[in-house]
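Data first, discussion second: the structure below is written as structure tokens.
In the text below, chain A, chain B and the rest are named by the order of the sequence lines, each starting its count at 1.
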Amino acid sequence: MRALIHRIGQGFVVIAIVATATFVLIRLAPGDPFAGALENAHLTPALRAQWRAAYGLDGNIGTQYVRWIWALLHGDLGWSVSANQPVARVIAAALPNTLWLMGIALLLSFGIGMSLGALQAARRNRATDHVIGAVTLFGAALPDFWLALVVLLTGAYWFRVFPVGLASDPLLPVAASLGTVLRDRLAHLALPVLTLLILIAAPVARQQRAALLDRLGSDWIRTATAKGVGPWTVFRRHAWRTALGPVVTLGGLALPALVGGSVFIERVFAWPGMGALAATAISTRDYHLVVGCVLVGSVMVVAGSIVADVLSQLLDPRAMQIESDVSRITS
Amino acid sequence: MPRLRALSLIAVLTLAGCSGTQDAKQAAAKDLTGGTLVISTAGGPDNLMPPITVQNSGLQVEDLVFQHLATVGPALNSIGDDGFTPDLATRWDWSKDSLSIAFHLDPDARWHDGAHVRAADVAFTFDLYMDPKTGASAAAQLANIDSVIARDSTTAVFWFRKHTPDQFFEATMQMQILPAHLLRSLDRATLASAPIASQPVGSGPFRVVRWESGRTIELAADTTGGRRRAHLDRVIFTQSADPVTAFTRVATGEADLYEAVRPDKVAEVVKNPQLKLIIAPSLSYNFLSLNQVDPATGKPHPVFGDRTVRRALTMATDRRSIVANIYDSLAVQARGPFTSAQASADTTLRPMPYSVDSANKLLDAAGWVRGADSLRRKNGTVLGFTIAVPSSSLPRVRASVLFQEQFRRVGADVKVESSDNSAFGARMQARNFDATIGAWAQDAGPANARDAWTTAAAARGLNNYGAYRSSAFDAELDSALTVLSATESHAHFAHAWKIITDDAPAIWLAEPRLAMAINSRFVTTGMRVDSWWAGIPKWYIPADKRIARDAPATAAR
Amino acid sequence: MTSIALASGDWRVIAQRLRTDRRSLLAGAVLAAMIALVLLGPLLSPYRPYEQLDITHLVHAPPSAEHLLGTDSYSRDVLSRVLSGGRVSLAVATSAVLIEVLVGVLWGLASGLAGRGIDTLMMRIVDAGLSVPRVLLLLALLAAMPSVPVWLLVLVLGLTGWFGTARLVRGEVRTIRGADYVLAARALGATPARLALRHLLPHALGPVLVASTLAVGQVIVLEAGLSWLGIGVQPPQPSWGNIIGDGYEFIASAPWVSLGPGFCLVLVVLAVSALGDGLRDALAPRQLPRT
């Protein structure tokens, strides 16, 4: 319990580092939130100064930081200049879309990835193993935006099965039945989820295969095998459970993606989520929105990783190391 | 409406009126009412507050939600009031000395909240536009108006400082009339963030039902007031960040209109029986701007300070081919800082010829001599410069890469520097560039060039980024804008264009045309060269062509 | 997967294992062939990669005898660009990963050996880095640069990718620094630097090597994404990423522009990933039972 409190305290340190670094970093970029459209020469320096002051962006970076922290302590994330709304409201509109998309995609990816990995481990070095291995490797090697467009054109244009982009039909009547709304949401989800599935299931499968093989080689399983327990039974009863640990840790590492979304996928599918939002915020120098996105993201990531840690310790107390190809999901 | 708008994202803007011009009277029939127009866009506005809106996506919505006193006619005449049609004002009287105009407002006109539109609103609007705190981009164009006074509740009188050919145009087209009762109490320094900037209340044919920032703007036909209602029930703007996605939504029929079809998609639109293609001239032109001031020192630019070198570099480039490569048939080569559709155009002006030989000779003569590495040098300095472009604009990036290769062939070492919009904007403001691909989307008025190329506009914070200075050009342009005879004016314009193109402050590139894909169930009419969307209130869908989403609007979410 | 203690002689065993693994051999061969191809590229390529052959008549020419991979929207020969772009892509990826490894290993070693307070701070910085999606970090960093020459891109890519490595190395160090032989070395008076280099680093290197092989693949893919957003390798210099980005708009009408470099990219990423897998298997200390 004390360890947990300690861990939470450290989480706050992480969040503080992230927020502060972002706060400084985004202000290093040339331009300001009032550049408007390209080359908007009508904005005189005096007008810019007026707007900076009006939106609390005047003064040196230290003053701005203190002001921002003070507002934050009062529960105010600031004003988004690009959306002309409070940052909190902008994020509240985008976050559910990302959680919805990434949640389903990650769930499916982990389910399918783990099953594939287990199948590979069970059929180690046979044709099944090699075929699945090659296919999953292939998925992980494709550039995200390119795959997204190919999936979009195939599923929505060449074969007109699914809608082209957006998270929901903008014309859906307010009185639509729950069934209609749900069907609409699922139809819009299908293609981006498929894209993410191709990209994410691969590293999960590889992880799972390696973890299982590692466990299958451990002494106590060899003992069990020597006692005459069949390999498949060993696999089902023991190895599977102990190999869950690394996958849970992997899930913890996938958290930034769960909350942060994917800039590339969201852009191609016109999915109004956190990734696209943060990218726009950066390019429009919407300072408060950038910091707000990153802050909300890191809070959820930190909280999530604490949960993942606790879970994986329950599953397998050994310290886990994760290879870095999972950063594919986290990028 | 600001006079000059820098093109964002895609180098296509405004459009000519022409296409399936069905009879408007027939359209008045009742069964033409109804239907939904879904417009797919690749960008969206950050506010809907007319004085401070610069993005085209915002102007489109505002033109449907707000009204001008009168609107320019399809011929875009800006001298006097010929061709202007009544809008919020039903009629107007000129004073004898032409120094004042009295506008008589439609007594039945109402704001979308039900309040009457009054002359006091007009006076308030002028005051708001002119207040430096507001930061209205059109303020400079309104400078000739001395004051606006509400004579009675429906008569607004404009007093002018000088009698000019375009005074009526500026008085009517630069401002959209705003509701004083909703805006009076607002802090003008933060208009953009006022709730009404995202839920605007206007007097135009459509009112804003909802706006989800970055996603959807839904407009519904307004039925208050005495004005004839628009035929369509709804106009919905849906936003996708990626242009390929935005176009594909129209190709599959999920949306009805995309305004910036790329050349390689034109054939696809033509083949698609559900779509029609509308190609029209526009009022925008683009160019490679050559900065005459060295950004590092503030002295004349080591390369572009020399007129001969600028001319040589112009001749070194095969502009016709570059235009064909980027736009295929969707643009013509630009002749100078104007477009052929404008009254001030000189369509006999010949662009400088493409001749690598002449370019090489001129560069040799100017002292830039080729070395063994085939690069030119003068006093040990390499003939080199950078082209700054915004990474989000595909046509601009393309143009810069095409220019770069052609400059290489005459011995110039050119680098392309692309940066995101904000960083690019900051560079422009600071005049921190050697060369850049510039683009101006002009309004229908005659004075656009004054804001972009005169000595007065060369000051920092104004639009003459390359700091071109020529008193001869300034004088000709000034004469062109002040003489009241159309022929004389045209002659002065022609002289001005000759002077500036000979001086080559920029390499004139293209006049892009607008290629729109629109679902063929729409009967479109009333498109203007400066705003294709101006006719939307008159568009309709024949009853037999309606589809599910055209059904009487059950209130959308 | 698990931390593996390597005695100094083990590298030979690992090399031996790799040599007998068919998959690793194949991957190695593919990789060697690709590297040879892009190194010899300028000699092989029929045109200069930035040369615009005929911008009016030779735009998007489909693959033919003259242009094996067709031409792009600027009428440049795609094959020549792929060959020359491969150099850039591979060079960018390997140098960025080298930076990742260098920074990550040093940070991890320092953190692992440091006292509790400093270790905690250093690891919280790593956590902070891991909690922000890398693409956003890159977007923000690159936005702050007035122009992005290739070396800067490499640096930025490297400096946003080391957090995982640091965590990995630190974990390894923590696990083995209590091992008998390390304690023995310490008792014999080994300096911390010597301890780190002679005793800890070699053991942490295995997993790092596996991870960095895979990272090469990711960086190639990531650079492609950045190029698509217009902030990767700047034109006219080709990279596999920006060639695919150039072809993105024309995926339906001129698929050859992005398919050629896409194929190379996938092949290389596949090869390095397979090599990484092989390496991991070779590093696994225990013989696997037959199933």
Side-chain angles (χ1 to χ4, degrees), chain B residues 9-10 241-245 247-248 251 262-268 295 317-328 386-409 414-424 426-427 430 432-433, chain C residues 47-61 71-77 81 136 138-150 152-153 225-238 241-255 257-258:
Chain B
L9 287 170
I10 308 150
D242 187 45
V244 181
T245 312
F247 169 77
T248 309
R262 299 261 168 98
D264 63 299
K265 298 284 196 300
V266 164
E268 194 181 317
T317 53
D318 182 2
R319 285 138 285 156
R320 184 183 296 273
S321 298
I322 293 178
V323 171
N325 177 277
I326 304 174
Y327 298 101
D328 201 342
T386 59
I387 303 179
V389 283
S391 54
S392 60
S393 166
L394 188 78
R396 291 197 200 194
V397 174
R398 279 184 74 94
S400 64
V401 173
L402 290 160
F403 272 124
Q404 178 185 37
E405 170 72 359
Q406 304 207 344
F407 289 138
R408 186 186 64 80
R409 292 177 182 172
V414 178
K415 292 197 167 51
V416 173
E417 287 185 350
S418 72
S419 41
D420 67 16
N421 280 358
S422 299
F424 179 75
R427 285 187 76 163
N432 179 20
F433 69 98
Chain C
Y47 305 91
R48 275 173 298 184
Y50 47 79
E51 192 175 7
Q52 297 169 6
L53 300 164
D54 182 344
I55 57 170
T56 39
H57 300 108
L58 209 59
V59 171
H60 285 154
T71 64
D72 70 4
S73 58
Y74 299 91
S75 74
R76 299 176 298 201
D77 182 58
R81 289 183 69 72
L136 293 184
L138 285 165
L139 282 176
L141 277 169
L142 290 171
M145 316 281 174
S147 66
V148 187
V150 172
L152 196 58
L153 184 69
L226 293 180
S227 290
W228 177 63
L229 294 173
I231 52 175
V233 173
Q234 294 295 303
Q237 187 163 36
N242 69 19
I243 304 173
I244 297 176
D246 280 345
Y248 173 84
E249 287 260 336
F250 313 106
I251 227 164
S253 54
V257 178
S258 49

| query | Which pair of heavy atoms, one from Pro235(C) and one from Val416(B), lies closest together, and at what distance? | reply |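 The pair with the smallest heavy-atom distance is O-CB, 4.1 Å.
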
Measuring only between side-chain heavy atoms, which start at C-beta, is [X] closer than 4.5 Å to [Y]?
X: Val401(B); Y: Gln52(C); answer: yes
X: Asn325(B); Y: Val59(C); answer: yes
X: Tyr74(C); Y: Glu405(B); answer: no

| task | Give a yes or no on whether the backbone of Glu249(C) and the side-chain of Arg262(B) come within a donor-acceptor separation of less than 3.5 Å. | result |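 Not a single qualifying donor-acceptor pair exists.
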
Chain C heavy atoms under 4.5 Å from [X]: which part of the residue, side chain, backbone, both or neither?
X: Ile322(B); result: both
X: Arg320(B); result: neither
X: Lys265(B); result: side chain

| task | With side-chain contact (heavy atoms from CB on, under 4.5 Å) as the test, would you mind laying out the steps for Tyr50(C) and Gln404(B) before giving the verdict? | result | CA-CA 10 Å; Tyr50(C) 47 79; Gln404(B) 178 185 37; over 6 Å; no

| Euclidean distance, Trp228(C) CH2 relative to Asp242(B) CG, rounded to 0.5 Å |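 It is 5.0 Å, given to the nearest 0.5 Å.
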
| task | Drop me the distance from Gln234(C)'s CD to Ser419(B)'s OG, to the nearest 0.5 angstrom. | result |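 Rounded to the nearest 0.5 Å, the CD-OG separation comes to 8.5 Å.
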
| Can you tell which of Pro236(C), Gly230(C), Ser75(C), Ala143(C) has the highest number of heavy-atom pairs within less than 4.5 Å of chain B? |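 Of Pro236(C), Gly230(C), Ser75(C), Ala143(C), Pro236(C) has the most heavy-atom pairs under 4.5 Å with chain B.
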
| query | Relative to chain B, which segment of Leu229(C) carries a heavy atom at a distance below 4.5 Å: side chain, backbone, both, or neither? | reply |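 Looking at Leu229(C), just its backbone touches chain B.
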
| message | Applying side-chain contact (heavy atoms from CB on, under 4.5 Å) to Gln406(B) and Ile55(C), what does each step give before you reach the verdict? | response | CA-CA 11 Å; Gln406(B) 304 207 344; Ile55(C) 57 170; 3.6 Å; yes

